[in-house]
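The next block holds one structure in the form of C-alpha coordinates; read it before the comments.
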Amino acid sequence: MQKPSIPRGTRDFGPLQMAKRNYIFNTIREVYEQYGFAQLETPTMENLSVLTGKYGDEGDQLLFKVLNSGDFLSKTQAQDYSAGSKTMLTKISEKGLRYDLTVPFARYVVMHRNEISFPFKRYQIQPVWRADRPQRGRYREFYQCDADVVGTNSLLCEAEIIAMINEVFNGLKLSDFTIKLNNRKILVGITEVIGAEGKEADFCVAIDKLDKIGLDKVNEELIQRGFSQESIKLLKPVFEFEGTINDKLAFLKDYFSASETGLQGVKETEEILSHLQSYELEDNHLELDLTLARGLSYYTGTIFEVKANGVQIGSITGGGRYDNLTGVFGLKDISGVGISFGVDRIYDVLEELDLYPESTATQVQVMIVNFGEEMMNKGIALLQGLRKEGIRAEMYPDTAKMKKQMSYANNLNIPFVVLIGEDEIATGNYTLKNMIDGEQAAYKINDLISKIKNSR
RNA sequence: GUGAUUGUAGUUCAGUUGGUUAGAACGCCUGGUUGUGGUCCAGGAGGUCGCCGGUUCGAGUCCGGUCUUUCACCCCA
(Lines give C-alpha, C1' and ligand atoms only; values in the text may rest on other atoms or scores of the structure.)
Protein backbone atom coordinates (compact mmCIF):
# COMPACT_ATOMS: atom_id res chain seq x y z
CA MET A 1 0.00 0.00 0.00
CA GLN A 2 1.35 3.41 -0.91
CA LYS A 3 1.27 6.46 1.27
CA PRO A 4 -0.57 9.33 -0.41
CA SER A 5 1.01 12.74 -0.72
CA ILE A 6 0.47 16.09 -2.38
CA PRO A 7 2.88 17.96 -4.66
CA ARG A 8 5.45 20.22 -3.06
CA GLY A 9 4.27 23.73 -2.42
CA THR A 10 0.57 22.79 -2.41
CA ARG A 11 -1.70 22.46 0.61
CA ASP A 12 -4.97 21.00 1.80
CA PHE A 13 -7.34 23.35 3.57
CA GLY A 14 -9.39 21.81 6.37
CA PRO A 15 -12.77 23.12 7.56
CA LEU A 16 -11.18 25.41 10.15
CA GLN A 17 -8.79 26.89 7.65
CA MET A 18 -11.47 27.30 5.02
CA ALA A 19 -13.61 29.27 7.46
CA LYS A 20 -10.74 31.67 8.00
CA ARG A 21 -9.90 31.85 4.32
CA ASN A 22 -13.50 32.58 3.42
CA TYR A 23 -13.53 35.35 6.00
CA ILE A 24 -10.69 36.98 4.07
CA PHE A 25 -12.18 36.27 0.64
CA ASN A 26 -15.55 37.67 1.68
CA THR A 27 -14.05 40.84 3.08
CA ILE A 28 -12.16 41.51 -0.14
CA ARG A 29 -15.09 40.56 -2.35
CA GLU A 30 -17.46 42.90 -0.53
CA VAL A 31 -15.10 45.84 -0.87
CA TYR A 32 -14.54 45.13 -4.57
CA GLU A 33 -18.24 44.99 -5.26
CA GLN A 34 -18.90 48.09 -3.23
CA TYR A 35 -16.46 49.95 -5.43
CA GLY A 36 -18.20 48.78 -8.59
CA PHE A 37 -16.07 45.88 -9.77
CA ALA A 38 -17.75 42.92 -11.48
CA GLN A 39 -16.49 39.37 -11.20
CA LEU A 40 -14.65 37.54 -13.95
CA GLU A 41 -13.21 34.05 -14.17
CA THR A 42 -10.80 32.69 -16.74
CA PRO A 43 -9.66 29.10 -17.38
CA THR A 44 -7.05 27.39 -15.28
CA MET A 45 -5.17 26.61 -18.46
CA GLU A 46 -4.14 29.15 -21.04
CA ASN A 47 -2.48 28.52 -24.34
CA LEU A 48 1.25 28.69 -23.75
CA SER A 49 1.52 31.39 -26.42
CA VAL A 50 -0.57 33.68 -24.19
CA LEU A 51 1.67 33.15 -21.17
CA THR A 52 5.22 32.89 -22.46
CA GLY A 53 7.28 36.04 -22.77
CA LYS A 54 5.05 38.06 -20.47
CA TYR A 55 7.00 37.60 -17.26
CA GLY A 56 10.58 37.69 -18.51
CA ASP A 57 12.93 34.74 -18.90
CA GLU A 58 12.65 33.97 -15.19
CA GLY A 59 8.90 33.87 -15.46
CA ASP A 60 8.93 31.51 -18.41
CA GLN A 61 10.90 29.06 -16.31
CA LEU A 62 8.37 29.31 -13.51
CA LEU A 63 5.42 28.43 -15.76
CA PHE A 64 3.82 25.05 -15.23
CA LYS A 65 3.45 23.46 -18.65
CA VAL A 66 0.76 20.92 -19.46
CA LEU A 67 1.81 17.90 -21.47
CA ASN A 68 -0.24 17.37 -24.62
CA SER A 69 -2.92 14.73 -24.30
CA GLY A 70 -2.62 11.36 -25.91
CA ASP A 71 0.64 10.22 -27.46
CA PHE A 72 2.53 13.45 -26.92
CA LEU A 73 5.64 12.10 -28.61
CA SER A 74 3.89 11.30 -31.88
CA LYS A 75 4.63 14.70 -33.41
CA THR A 76 8.28 14.72 -32.38
CA GLN A 77 11.41 13.42 -34.00
CA ALA A 78 14.79 12.44 -32.67
CA GLN A 79 16.31 15.74 -33.79
CA ASP A 80 13.83 17.71 -31.65
CA TYR A 81 15.17 15.90 -28.63
CA SER A 82 18.76 16.75 -29.42
CA ALA A 83 17.79 20.37 -30.18
CA GLY A 84 17.16 20.87 -26.46
CA SER A 85 14.35 21.57 -24.05
CA LYS A 86 13.05 24.73 -25.67
CA THR A 87 12.50 23.20 -29.09
CA MET A 88 11.16 20.01 -27.58
CA LEU A 89 8.76 21.89 -25.36
CA THR A 90 6.89 23.48 -28.27
CA LYS A 91 6.32 20.00 -29.70
CA ILE A 92 4.98 18.31 -26.59
CA SER A 93 3.16 21.13 -24.76
CA GLU A 94 0.86 23.86 -25.94
CA LYS A 95 -0.94 24.75 -22.70
CA GLY A 96 0.17 26.06 -19.32
CA LEU A 97 -1.31 26.92 -15.92
CA ARG A 98 -1.94 30.59 -15.33
CA TYR A 99 0.91 32.41 -13.60
CA ASP A 100 -1.09 35.43 -12.51
CA LEU A 101 -4.50 36.95 -13.18
CA THR A 102 -3.39 40.07 -14.99
CA VAL A 103 -2.24 38.54 -18.26
CA PRO A 104 -5.33 36.33 -18.66
CA PHE A 105 -7.36 39.47 -17.95
CA ALA A 106 -5.53 41.35 -20.70
CA ARG A 107 -6.23 38.44 -23.04
CA TYR A 108 -9.91 38.57 -22.08
CA VAL A 109 -10.13 42.31 -22.72
CA VAL A 110 -8.59 41.94 -26.17
CA MET A 111 -10.82 39.02 -27.13
CA HIS A 112 -13.99 40.73 -25.92
CA ARG A 113 -13.14 44.33 -26.74
CA ASN A 114 -16.29 44.79 -28.76
CA GLU A 115 -18.62 43.65 -25.99
CA ILE A 116 -16.92 45.60 -23.23
CA SER A 117 -17.90 49.15 -22.42
CA PHE A 118 -14.84 50.99 -21.19
CA PRO A 119 -13.69 51.82 -18.61
CA PHE A 120 -13.93 48.17 -17.66
CA LYS A 121 -13.75 47.27 -13.98
CA ARG A 122 -13.37 43.65 -13.07
CA TYR A 123 -12.28 41.61 -10.09
CA GLN A 124 -11.03 38.06 -10.16
CA ILE A 125 -10.37 35.63 -7.30
CA GLN A 126 -8.69 32.44 -8.49
CA PRO A 127 -5.62 30.34 -7.83
CA VAL A 128 -2.42 30.78 -9.79
CA TRP A 129 0.58 28.45 -10.12
CA ARG A 130 4.30 29.04 -10.11
CA ALA A 131 7.01 26.38 -10.34
CA ASP A 132 9.02 28.16 -7.68
CA ARG A 133 10.99 26.79 -4.76
CA PRO A 134 8.51 26.95 -1.89
CA GLN A 135 9.32 28.86 1.29
CA ARG A 136 7.32 30.35 4.11
CA GLY A 137 4.59 32.49 2.57
CA ARG A 138 5.56 31.24 -0.84
CA TYR A 139 3.67 28.43 -2.45
CA ARG A 140 3.40 26.79 -5.85
CA GLU A 141 -0.35 27.12 -5.79
CA PHE A 142 -1.87 30.23 -4.23
CA TYR A 143 -4.80 32.57 -4.63
CA GLN A 144 -4.73 36.06 -5.98
CA CYS A 145 -7.56 38.55 -5.57
CA ASP A 146 -7.21 41.05 -8.38
CA ALA A 147 -9.15 44.17 -9.21
CA ASP A 148 -8.30 46.13 -12.35
CA VAL A 149 -9.68 49.09 -14.25
CA VAL A 150 -8.74 49.37 -17.90
CA GLY A 151 -9.56 51.96 -20.50
CA THR A 152 -8.92 55.10 -18.49
CA ASN A 153 -5.92 57.19 -17.51
CA SER A 154 -7.74 58.82 -14.65
CA LEU A 155 -5.75 58.95 -11.45
CA LEU A 156 -9.01 58.66 -9.58
CA CYS A 157 -8.55 54.91 -10.10
CA GLU A 158 -5.30 54.99 -8.14
CA ALA A 159 -7.03 56.87 -5.34
CA GLU A 160 -9.89 54.37 -5.37
CA ILE A 161 -7.43 51.50 -5.06
CA ILE A 162 -5.70 53.09 -2.10
CA ALA A 163 -9.11 53.61 -0.48
CA MET A 164 -9.97 49.95 -1.12
CA ILE A 165 -6.73 48.74 0.45
CA ASN A 166 -7.57 50.74 3.55
CA GLU A 167 -11.07 49.41 3.64
CA VAL A 168 -10.02 45.78 3.26
CA PHE A 169 -7.40 45.86 6.00
CA ASN A 170 -9.65 47.84 8.30
CA GLY A 171 -12.28 45.19 7.67
CA LEU A 172 -9.77 42.51 8.60
CA LYS A 173 -8.82 44.45 11.76
CA LEU A 174 -5.22 44.70 10.64
CA SER A 175 -4.16 48.15 11.77
CA ASP A 176 -0.39 48.11 11.51
CA PHE A 177 0.35 48.12 7.81
CA THR A 178 2.05 50.45 5.35
CA ILE A 179 1.12 51.18 1.76
CA LYS A 180 4.35 51.92 0.01
CA LEU A 181 3.85 54.12 -2.99
CA ASN A 182 6.13 55.06 -5.85
CA ASN A 183 5.98 55.82 -9.56
CA ARG A 184 7.91 54.30 -12.39
CA LYS A 185 8.26 57.76 -13.90
CA ILE A 186 9.99 58.93 -10.74
CA LEU A 187 12.37 55.98 -11.05
CA VAL A 188 13.02 56.80 -14.70
CA GLY A 189 13.57 60.42 -13.68
CA ILE A 190 16.17 59.37 -11.15
CA THR A 191 18.10 57.37 -13.74
CA GLU A 192 18.02 60.41 -16.00
CA VAL A 193 19.30 62.74 -13.32
CA ILE A 194 22.16 60.44 -12.33
CA GLY A 195 23.18 59.97 -15.94
CA ALA A 196 22.10 56.36 -16.34
CA GLU A 197 19.31 56.70 -18.84
CA GLY A 198 17.91 53.45 -20.16
CA LYS A 199 19.32 51.45 -17.27
CA GLU A 200 16.06 51.61 -15.41
CA ALA A 201 15.62 47.84 -15.18
CA ASP A 202 19.03 47.30 -13.58
CA PHE A 203 18.39 50.26 -11.33
CA CYS A 204 15.06 48.86 -10.10
CA VAL A 205 16.39 45.39 -9.35
CA ALA A 206 19.21 46.82 -7.27
CA ILE A 207 17.44 49.49 -5.22
CA ASP A 208 14.46 47.30 -4.48
CA LYS A 209 16.75 45.41 -2.10
CA LEU A 210 17.71 48.46 -0.06
CA ASP A 211 15.74 47.61 3.08
CA LYS A 212 16.97 44.05 2.88
CA ILE A 213 20.71 44.32 2.24
CA GLY A 214 21.54 47.96 3.05
CA LEU A 215 22.94 50.93 1.17
CA ASP A 216 26.52 49.69 0.81
CA LYS A 217 25.50 46.41 -0.81
CA VAL A 218 23.07 48.19 -3.12
CA ASN A 219 25.83 50.52 -4.25
CA GLU A 220 28.06 47.50 -4.80
CA GLU A 221 25.42 45.90 -6.94
CA LEU A 222 24.85 49.11 -8.90
CA ILE A 223 28.52 49.29 -9.73
CA GLN A 224 28.47 45.65 -10.73
CA ARG A 225 25.60 46.49 -13.05
CA GLY A 226 27.67 49.20 -14.69
CA PHE A 227 26.71 52.36 -12.84
CA SER A 228 29.44 54.95 -12.37
CA GLN A 229 30.75 56.36 -9.09
CA GLU A 230 29.39 59.70 -10.23
CA SER A 231 25.89 58.22 -10.58
CA ILE A 232 26.02 56.80 -7.08
CA LYS A 233 27.12 60.14 -5.71
CA LEU A 234 24.18 61.85 -7.42
CA LEU A 235 21.86 59.16 -6.10
CA LYS A 236 22.88 59.59 -2.50
CA PRO A 237 20.54 62.48 -1.59
CA VAL A 238 17.54 60.47 -2.79
CA PHE A 239 18.26 57.68 -0.31
CA GLU A 240 19.17 60.01 2.50
CA PHE A 241 16.23 62.36 2.27
CA GLU A 242 13.78 61.99 5.08
CA GLY A 243 10.46 63.70 5.65
CA THR A 244 6.76 63.57 5.00
CA ILE A 245 5.32 62.69 1.62
CA ASN A 246 4.95 66.37 0.81
CA ASP A 247 8.53 67.08 1.85
CA LYS A 248 9.72 64.30 -0.42
CA LEU A 249 7.70 65.57 -3.34
CA ALA A 250 9.05 69.09 -2.86
CA PHE A 251 12.55 67.68 -2.79
CA LEU A 252 11.94 65.71 -5.98
CA LYS A 253 10.59 68.73 -7.85
CA ASP A 254 13.89 70.38 -7.28
CA TYR A 255 15.88 67.21 -7.99
CA PHE A 256 14.04 66.68 -11.29
CA SER A 257 14.66 70.15 -12.71
CA ALA A 258 16.21 68.45 -15.74
CA SER A 259 13.87 65.49 -16.03
CA GLU A 260 10.49 65.92 -17.68
CA THR A 261 9.53 62.33 -16.91
CA GLY A 262 10.47 62.64 -13.26
CA LEU A 263 8.37 65.76 -12.87
CA GLN A 264 5.45 63.99 -14.51
CA GLY A 265 5.74 61.23 -11.90
CA VAL A 266 5.70 63.80 -9.11
CA LYS A 267 2.68 65.51 -10.62
CA GLU A 268 0.75 62.25 -10.83
CA THR A 269 1.52 61.43 -7.23
CA GLU A 270 0.37 64.86 -6.12
CA GLU A 271 -2.89 64.46 -7.98
CA ILE A 272 -3.57 61.09 -6.36
CA LEU A 273 -2.92 62.55 -2.93
CA SER A 274 -5.20 65.45 -3.66
CA HIS A 275 -8.04 63.10 -4.65
CA LEU A 276 -7.37 61.04 -1.59
CA GLN A 277 -7.96 63.96 0.74
CA SER A 278 -11.61 64.01 -0.23
CA TYR A 279 -12.02 60.43 1.00
CA GLU A 280 -11.40 61.73 4.51
CA LEU A 281 -9.60 58.60 5.64
CA GLU A 282 -8.58 58.63 9.26
CA ASP A 283 -5.14 57.29 8.43
CA ASN A 284 -4.31 56.38 4.84
CA HIS A 285 -1.19 54.38 5.84
CA LEU A 286 0.65 55.85 2.85
CA GLU A 287 4.37 56.22 2.56
CA LEU A 288 6.28 57.46 -0.45
CA ASP A 289 9.08 54.94 -0.79
CA LEU A 290 11.50 55.95 -3.51
CA THR A 291 13.23 52.58 -3.30
CA LEU A 292 10.08 50.65 -4.10
CA ALA A 293 10.67 49.28 -7.59
CA ARG A 294 8.64 46.10 -8.14
CA GLY A 295 10.27 43.92 -10.73
CA LEU A 296 7.28 43.29 -12.94
CA SER A 297 8.20 44.72 -16.28
CA TYR A 298 4.81 45.99 -17.40
CA TYR A 299 4.30 48.75 -14.84
CA THR A 300 4.64 52.27 -16.24
CA GLY A 301 3.14 54.67 -13.68
CA THR A 302 2.14 54.40 -10.05
CA ILE A 303 3.35 51.30 -8.24
CA PHE A 304 2.48 50.22 -4.73
CA GLU A 305 2.96 47.43 -2.28
CA VAL A 306 1.53 46.71 1.17
CA LYS A 307 3.61 45.46 4.07
CA ALA A 308 2.29 44.13 7.34
CA ASN A 309 4.51 45.71 9.98
CA GLY A 310 6.03 43.44 12.55
CA VAL A 311 5.53 40.23 10.60
CA GLN A 312 8.37 38.55 8.79
CA ILE A 313 6.69 37.95 5.46
CA GLY A 314 6.88 39.48 1.98
CA SER A 315 4.38 41.97 0.65
CA ILE A 316 0.74 41.05 1.17
CA THR A 317 -0.64 43.21 -1.64
CA GLY A 318 0.82 44.74 -4.75
CA GLY A 319 -0.12 46.53 -7.91
CA GLY A 320 0.36 49.43 -10.23
CA ARG A 321 -0.47 51.11 -13.49
CA TYR A 322 0.43 49.61 -16.84
CA ASP A 323 0.00 51.45 -20.10
CA ASN A 324 0.36 48.76 -22.67
CA LEU A 325 -0.55 45.38 -21.29
CA THR A 326 -2.95 44.59 -24.10
CA GLY A 327 -0.45 45.79 -26.70
CA VAL A 328 1.16 42.37 -27.06
CA PHE A 329 -2.24 40.99 -27.99
CA GLY A 330 -2.81 43.68 -30.61
CA LEU A 331 -4.90 46.22 -28.72
CA LYS A 332 -3.00 49.47 -28.31
CA ASP A 333 -3.42 52.50 -26.06
CA ILE A 334 -5.35 50.82 -23.31
CA SER A 335 -4.13 51.98 -19.93
CA GLY A 336 -5.04 50.14 -16.78
CA VAL A 337 -4.32 50.00 -13.11
CA GLY A 338 -4.69 47.00 -10.88
CA ILE A 339 -4.22 45.54 -7.45
CA SER A 340 -3.73 42.06 -6.11
CA PHE A 341 -4.30 40.84 -2.56
CA GLY A 342 -2.32 37.75 -1.59
CA VAL A 343 -4.77 35.77 0.50
CA ASP A 344 -2.32 33.07 1.54
CA ARG A 345 0.05 35.62 3.01
CA ILE A 346 -2.72 37.66 4.60
CA TYR A 347 -3.85 34.40 6.20
CA ASP A 348 -0.42 33.86 7.73
CA VAL A 349 -0.31 37.46 8.97
CA LEU A 350 -3.72 37.30 10.65
CA GLU A 351 -2.74 33.96 12.15
CA GLU A 352 0.50 35.30 13.58
CA LEU A 353 -1.14 38.46 14.94
CA ASP A 354 -4.14 36.49 16.20
CA LEU A 355 -6.61 38.82 14.50
CA TYR A 356 -9.36 36.41 13.52
CA PRO A 357 -12.78 37.04 15.03
CA GLU A 358 -13.91 34.55 17.65
CA SER A 359 -15.95 32.42 15.34
CA THR A 360 -15.21 32.51 11.66
CA ALA A 361 -16.82 29.10 11.31
CA THR A 362 -20.52 28.91 10.59
CA GLN A 363 -21.17 26.01 12.85
CA VAL A 364 -24.21 23.90 13.49
CA GLN A 365 -26.33 25.39 16.28
CA VAL A 366 -28.16 22.29 17.37
CA MET A 367 -27.80 18.51 17.05
CA ILE A 368 -30.64 16.08 17.58
CA VAL A 369 -29.60 12.88 19.28
CA ASN A 370 -30.55 9.71 17.43
CA PHE A 371 -32.44 7.34 19.72
CA GLY A 372 -33.40 4.78 17.14
CA GLU A 373 -35.84 4.05 14.33
CA GLU A 374 -39.06 4.89 16.18
CA MET A 375 -37.85 8.30 17.30
CA MET A 376 -36.32 9.25 13.96
CA ASN A 377 -39.51 10.49 12.36
CA LYS A 378 -40.13 12.90 15.21
CA GLY A 379 -36.53 13.93 14.95
CA ILE A 380 -36.69 14.63 11.22
CA ALA A 381 -39.86 16.67 11.68
CA LEU A 382 -38.17 18.76 14.34
CA LEU A 383 -35.03 19.03 12.20
CA GLN A 384 -36.96 20.55 9.33
CA GLY A 385 -38.93 22.75 11.69
CA LEU A 386 -35.71 24.18 13.09
CA ARG A 387 -34.25 24.72 9.63
CA LYS A 388 -37.36 26.58 8.51
CA GLU A 389 -36.71 28.94 11.39
CA GLY A 390 -33.22 29.57 10.04
CA ILE A 391 -31.47 27.47 12.64
CA ARG A 392 -28.56 25.36 11.43
CA ALA A 393 -29.44 21.86 12.59
CA GLU A 394 -28.42 18.26 12.08
CA MET A 395 -29.37 14.85 13.42
CA TYR A 396 -26.76 12.26 14.31
CA PRO A 397 -27.09 9.71 11.51
CA ASP A 398 -26.48 6.51 13.48
CA THR A 399 -28.17 5.13 16.57
CA ALA A 400 -24.89 5.21 18.39
CA LYS A 401 -24.30 5.31 22.10
CA MET A 402 -25.19 8.54 23.86
CA LYS A 403 -21.60 9.02 24.88
CA LYS A 404 -20.48 8.83 21.29
CA GLN A 405 -23.17 11.24 20.09
CA MET A 406 -22.56 13.74 22.87
CA SER A 407 -18.81 13.65 22.27
CA TYR A 408 -19.42 14.38 18.63
CA ALA A 409 -21.50 17.44 19.50
CA ASN A 410 -18.89 18.51 22.01
CA ASN A 411 -15.96 18.15 19.63
CA LEU A 412 -17.75 20.17 16.96
CA ASN A 413 -18.62 22.89 19.46
CA ILE A 414 -22.32 22.49 18.81
CA PRO A 415 -23.96 24.62 21.52
CA PHE A 416 -27.29 22.75 21.83
CA VAL A 417 -28.40 19.13 21.78
CA VAL A 418 -32.02 17.97 21.62
CA LEU A 419 -33.11 14.64 23.06
CA ILE A 420 -36.27 12.97 21.82
CA GLY A 421 -36.84 9.69 23.59
CA GLU A 422 -39.81 7.82 25.03
CA ASP A 423 -40.24 10.29 27.89
CA GLU A 424 -40.30 13.24 25.52
CA ILE A 425 -42.80 11.68 23.15
CA ALA A 426 -45.05 10.80 26.06
CA THR A 427 -45.12 14.37 27.38
CA GLY A 428 -44.75 16.18 24.04
CA ASN A 429 -41.92 18.24 25.46
CA TYR A 430 -38.42 17.88 24.05
CA THR A 431 -35.30 18.04 26.17
CA LEU A 432 -32.85 20.78 25.21
CA LYS A 433 -29.36 20.59 26.61
CA ASN A 434 -27.06 23.58 26.63
CA MET A 435 -23.61 22.15 25.98
CA ILE A 436 -21.81 25.21 27.28
CA ASP A 437 -23.16 25.31 30.83
CA GLY A 438 -24.46 21.74 30.88
CA GLU A 439 -27.99 22.69 31.89
CA GLN A 440 -30.99 21.00 30.37
CA ALA A 441 -34.77 21.24 30.53
CA ALA A 442 -37.87 20.13 28.62
CA TYR A 443 -39.59 22.61 26.32
CA LYS A 444 -42.49 22.80 23.91
CA ILE A 445 -41.26 23.14 20.34
CA ASN A 446 -41.91 26.88 20.10
CA ASP A 447 -40.08 27.60 23.34
CA LEU A 448 -37.24 25.36 22.24
CA ILE A 449 -36.88 27.34 19.02
CA SER A 450 -36.85 30.71 20.74
CA LYS A 451 -34.41 29.41 23.33
CA ILE A 452 -31.93 28.52 20.58
CA LYS A 453 -32.56 31.72 18.64
CA ASN A 454 -32.08 33.94 21.67
CA SER A 455 -28.80 32.34 22.59
CA ARG A 456 -26.90 34.30 19.95
C1' G B 1 17.61 26.86 -11.36
C1' U B 2 22.24 27.30 -7.33
C1' G B 3 23.79 26.32 -2.14
C1' A B 4 22.30 24.65 2.68
C1' U B 5 18.52 22.26 5.94
C1' U B 6 14.51 18.90 7.78
C1' G B 7 11.81 14.06 8.01
C1' U B 8 10.52 8.89 14.18
C1' A B 9 2.63 6.92 16.25
C1' G B 10 -3.23 10.89 14.06
C1' U B 11 -0.40 15.55 16.24
C1' U B 12 3.91 17.81 18.92
C1' C B 13 8.43 15.82 20.02
C1' A B 14 12.43 12.34 22.91
C1' G B 15 15.73 8.39 21.25
C1' U B 16 23.42 8.60 24.19
C1' U B 17 29.87 6.52 20.70
C1' G B 18 25.82 2.07 15.57
C1' G B 19 23.82 -2.92 19.98
C1' U B 20 18.28 -6.83 22.60
C1' U B 21 11.31 -5.73 22.21
C1' A B 22 11.83 2.43 19.31
C1' G B 23 9.37 5.92 23.98
C1' A B 24 6.39 10.36 26.14
C1' A B 25 2.46 13.87 26.04
C1' C B 26 -1.92 15.02 23.69
C1' G B 27 -5.53 12.77 20.52
C1' C B 28 -8.24 8.07 19.28
C1' C B 29 -10.92 3.37 20.93
C1' U B 30 -13.14 0.33 25.15
C1' G B 31 -14.93 0.12 30.09
C1' G B 32 -16.27 2.59 34.96
C1' U B 33 -22.00 5.36 33.41
C1' U B 34 -27.94 0.26 28.92
C1' G B 35 -30.72 8.50 28.46
C1' U B 36 -25.79 12.60 28.88
C1' G B 37 -20.30 15.47 26.33
C1' G B 38 -16.51 18.64 28.43
C1' U B 39 -13.31 16.67 34.46
C1' C B 40 -11.58 11.95 36.73
C1' C B 41 -10.02 6.52 36.92
C1' A B 42 -8.66 1.70 34.49
C1' G B 43 -7.36 -0.65 30.08
C1' G B 44 -6.30 -0.85 24.66
C1' A B 45 -5.08 -0.01 19.55
C1' G B 46 -1.73 2.59 16.64
C1' G B 47 5.28 2.92 13.77
C1' U B 48 8.29 -0.84 7.03
C1' C B 49 11.83 5.37 11.90
C1' G B 50 9.84 9.67 4.27
C1' C B 51 11.33 6.22 0.16
C1' C B 52 15.28 3.27 -2.58
C1' G B 53 20.05 1.41 -2.32
C1' G B 54 24.96 0.82 0.23
C1' U B 55 28.62 0.02 4.52
C1' U B 56 28.36 -3.41 8.86
C1' C B 57 27.92 -9.46 12.54
C1' G B 58 24.21 -5.56 13.58
C1' A B 59 21.47 0.90 11.00
C1' G B 60 16.10 5.21 13.59
C1' U B 61 21.59 6.42 14.23
C1' C B 62 26.93 6.14 9.15
C1' C B 63 27.23 6.86 3.38
C1' G B 64 24.82 7.77 -1.66
C1' G B 65 20.43 8.85 -4.37
C1' U B 66 15.39 10.49 -4.37
C1' C B 67 10.99 12.93 -2.40
C1' U B 68 9.37 16.43 1.28
C1' U B 69 10.12 20.79 4.94
C1' U B 70 12.53 25.17 6.13
C1' C B 71 16.30 28.96 4.76
C1' A B 72 19.52 32.05 1.55
C1' C B 73 20.23 33.52 -3.68
C1' C B 74 17.09 34.59 -7.99
C1' C B 75 12.37 36.30 -8.29
C1' C B 76 7.69 37.26 -6.17
C1' A B 77 1.64 37.34 -3.57
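A, B, ... follow the sequence lines: proteins, then strands. Residue 1 opens every chain. The structure presented is a predicted model; accordingly, all values stated were derived computationally and were not measured.
Note: OH (Tyr99(A)) to P (C75(B)) measures 11 Å, nearest angstrom. Whole-Å rounding puts the Asp344(A) CG to C76(B) P distance at 18 Å.
For U36(B), neither phosphate oxygen OP1 nor OP2 lies less than 4.0 angstrom from any side-chain nitrogen or oxygen of Asn410(A). Contact annotation: Lys404(A) side-chain N/O to C29(B) OP1/OP2 distance is under 4.0 Å. At U68(B), one or more side-chain N or O atoms of Arg8(A) fall inside 4.0 Å of OP1 or OP2 (strictly under the cut-off).
For Lys403(A) against U36(B), a side-chain-to-base donor-acceptor contact under 3.5 Å is absent. Side-chain N/O atoms of Arg345(A) and base N/O atoms of C76(B) include a donor-acceptor pair closer than 3.5 Å. Gln440(A) contributes no side-chain N or O that forms a donor-acceptor pair with the base of G37(B) under 3.5 Å. A donor N or O paired with an acceptor N or O is found under 3.5 Å between the base of U2(B) and the side-chain atoms of Arg133(A).
Annotation for Asp57(A): atom CG does not count as buried by contact number, only 12 or fewer foreign heavy atoms lying within 6.0 Å.
Ring geometry, Tyr322(A) versus Tyr299(A): the interplanar angle falls from 30° to 60°, so the pair is classed tilted.
Ion pair Asp148(A)/Arg122(A) flagged as a salt bridge, since at least one NZ, NE, NH1 or NH2 atom sits closer than 4.0 Å to an Asp/Glu carboxylate oxygen.
Judged by ring centres under 5.5 Å apart and planes tilted less than 30 degrees, Phe341(A) fails to stack against the six-membered base ring of A77(B).
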